[in-house]
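Presented below is the structure to which this report refers.
Residues: numbered from 1 along the sequence shown.
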Amino acid sequence: MRRRRSPHSSHSSHSSYPSYQPSPRSPGTYRPWGRPPRRRARLTRRGRLAVILGLVLATGCVLVVTLLPDAEPPEQPRRLLIPEGWRAVQVYAAVDEALGVPPGTARSAVPSAHLALPPEARGNPEGYLFPATYPVTSKSTPASLLAYMVDTANRNLAAAPLAAAARAHGMTPYQTATLASIVEAEAETPADMGKVARVVHNRLARSMPLQMDSTLNYALRRHTVDTTLADTRIDSPFNTYERRGLPPTPIGSPGLAALRAAVAPTAGNWLFFVTVGPGDTRFSATYEEHRRHVADFNARRSTAAGTPPAR
């Protein structure tokens, strides 16, 4: 049998339990003497230099960003509105005013603006200064704005449905713009555009003079509803009372609605029309009916003026 050990006997060097000693770094705390104390991570000299350098660079970047002046905000373009039906002379004046240049500057820029006009135009952009709203900036020039307008007109005239419809009527894009400019000038309302276009097509098909007052107004450089017998006898290629066919150039800038009406006129047999009053345009297939409508027009004009109607 093994002899039982006395509970008071000391065998520290052979004991199965490790002995503990107070830690010199933490009084009162005991750690196993055989386990090495945990060491704190310390930066090397090179590491300390890297941290200091990073702080210096970060501080410098903040100072640079703070001291830099605020960037200029992007330029807000102004707007130039070109309404439907405007003539080239009106567009030129609007461009000059929008750019703050002397009157006549835009007109003078046309020959050197390299405008993408068809050969029939012979360098005249009438009818191709498409009505729309255009951005104007400090970099805009008369040439750049006019080119923008002509390019917009070409894109609309070359659009697949419109171009196909024009070809079906045997019209070139330039003829389409010319006919549409008459529709734009003559129609009292958008709803009347198709009917006005039909009158033009019907007269062209019968080789009848168009007899459009708007072409006389263009030749005489005016805007009026009063046409005299003397007006219908002026010597001008735009006198459609004396000359058959379309005028040699458009008489203004037609919008998209007028272009569409020109190639897709409303079905009808009308040959005449007169606007008797606001919103009251009457279309006729016979001259006799047209004369009655003209009499109504004259009677209303006389009543408004306080004079007896002409007989």
Side-chain angles (χ1 to χ4, degrees), residues 75-118 120-159 162-163 166 173-193 196-197 212 214-215 217-224 238 246-263:
E75 180 181 2
Q76 294 297 322
R78 292 166 284 129
R79 296 176 181 271
L80 171 60
L81 174 63
I82 304 300
E84 290 85 350
W86 266 19
R87 299 171 184 172
V89 291
Q90 294 172 287
V91 177
Y92 297 150
V95 170
D96 290 340
E97 183 177 357
L99 296 179
V101 296
T105 302
R107 181 197 289 269
S108 301
V110 170
S112 58
H114 304 291
L115 303 178
L117 296 169
E120 303 101 301
R122 298 182 180 181
N124 178 8
E126 186 71 88
Y128 273 69
L129 303 176
F130 197 78
T133 300
Y134 297 93
V136 179
T137 68
S138 57
K139 296 182 180 180
S140 299
T141 64
S144 68
L145 286 175
L146 296 178
Y148 196 171
M149 296 175 192
V150 172
D151 291 343
T152 304
N154 283 324
R155 283 196 302 272
N156 282 281
L157 286 165
L162 197 148
Y174 193 71
Q175 290 171 330
T176 301
T178 302
L179 197 157
S181 70
I182 295 176
V183 172
E184 190 73 68
E186 293 283 351
E188 176 72 13
T189 66
D192 289 336
M193 286 185 173
V196 172
M212 296 292 169
S214 58
T215 62
N217 287 336
Y218 184 80
L220 296 171
R221 301 179 181 181
R222 69 184 188 186
H223 294 85
T224 182
F238 292 92
L246 293 170
T249 73
I251 60 172
S253 298
L256 188 57
L259 288 172
R260 289 171 175 169
V263 299

[X] [atom1] to [Y] [atom2] distance, which is reported to the nearest 0.5 Å:
X	Y	atom1	atom2	value
L117	Y128	CG	OH	7.5 Å
L259	E184	CG	CD	8.5 Å
F130	L157	CZ	CG	8.0 Å
L129	Q90	CG	CD	11.0 Å
T249	E126	OG1	CD	6.0 Å
T152	L256	OG1	CG	11.5 Å

> With sequence neighbours left out, what residues match Y92 under ring-ring contact (aromatic ring centres under 6.0 Å, His included)?
Replying inline: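 Scan of Y92 (ring-ring contact (aromatic ring centres under 6.0 Å, His included), adjacent residues dropped) gives none.
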>> Once ring pair (Phe, Tyr, Trp, His ring centres under 6.0 Å) is applied, what residue pairs with a partner in residues 131-153 remain, sequence neighbours excluded?
In response: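 The answer is Y134-Y148.
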Between [X] (side chain only) and [Y] (backbone N and O only), is there a donor and an acceptor less than 3.5 Å apart?
X	Y	answer
D96	G104	yes
E75	S138	yes
R78	A98	yes

>> Using side chain to side chain contact (heavy atoms under 4.5 Å, CB included), reason through L162 and N156 one step at a time and then give a plain yes or no.
In response: CA-CA 8 Å; L162 197 148; N156 282 281; 5.8 Å; no
For the student: nearest non-hydrogen atoms of [X] and [Y], plus distance:
X	Y	answer
V95	M149	CG2-CE, 3.9 Å
A197	A261	CB-O, 3.2 Å
I251	S214	CD1-OG, 3.6 Å
A187	M193	CB-CG, 3.7 Å
P142	T105	CG-CG2, 3.9 Å

> Can you check side chain to side chain contact (heavy atoms under 4.5 Å, CB included) on T133 and L80, steps first, answer last?
Replying inline: CA-CA 5 Å; T133 300; L80 171 60; over 6 Å; no
> Can L145 and L99 be said to form a side chain to side chain contact (heavy atoms under 4.5 Å, CB included), step by step?
Replying inline: CA-CA 10 Å; L145 286 175; L99 296 179; 4.0 Å; yes
>> Is it the case that atom CD in E120 sees more than 12 heavy atoms from other parts of the structure closer than 6.0 Å?
In response: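 Yes, the 6.0 Å shell around CD holds more than 12 heavy atoms from other groups.
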> Do N217 and R87 come within less than 4.5 Å of each other through their side chains, counting heavy atoms only?
Replying inline: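 Yes, their side chains come closer than 4.5 Å.
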>> The test is side chain to side chain contact (heavy atoms under 4.5 Å, CB included); show your working for V89 and R107 and say whether it passes.
In response: CA-CA 8 Å; V89 291; R107 181 197 289 269; 3.1 Å; yes
>> Applying salt bridge (Lys or Arg N to Asp or Glu O under 4.0 Å), can you list everything that pairs with R222, at least two apart in sequence or on another chain?
In response: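 Here the qualifying residues are D231.
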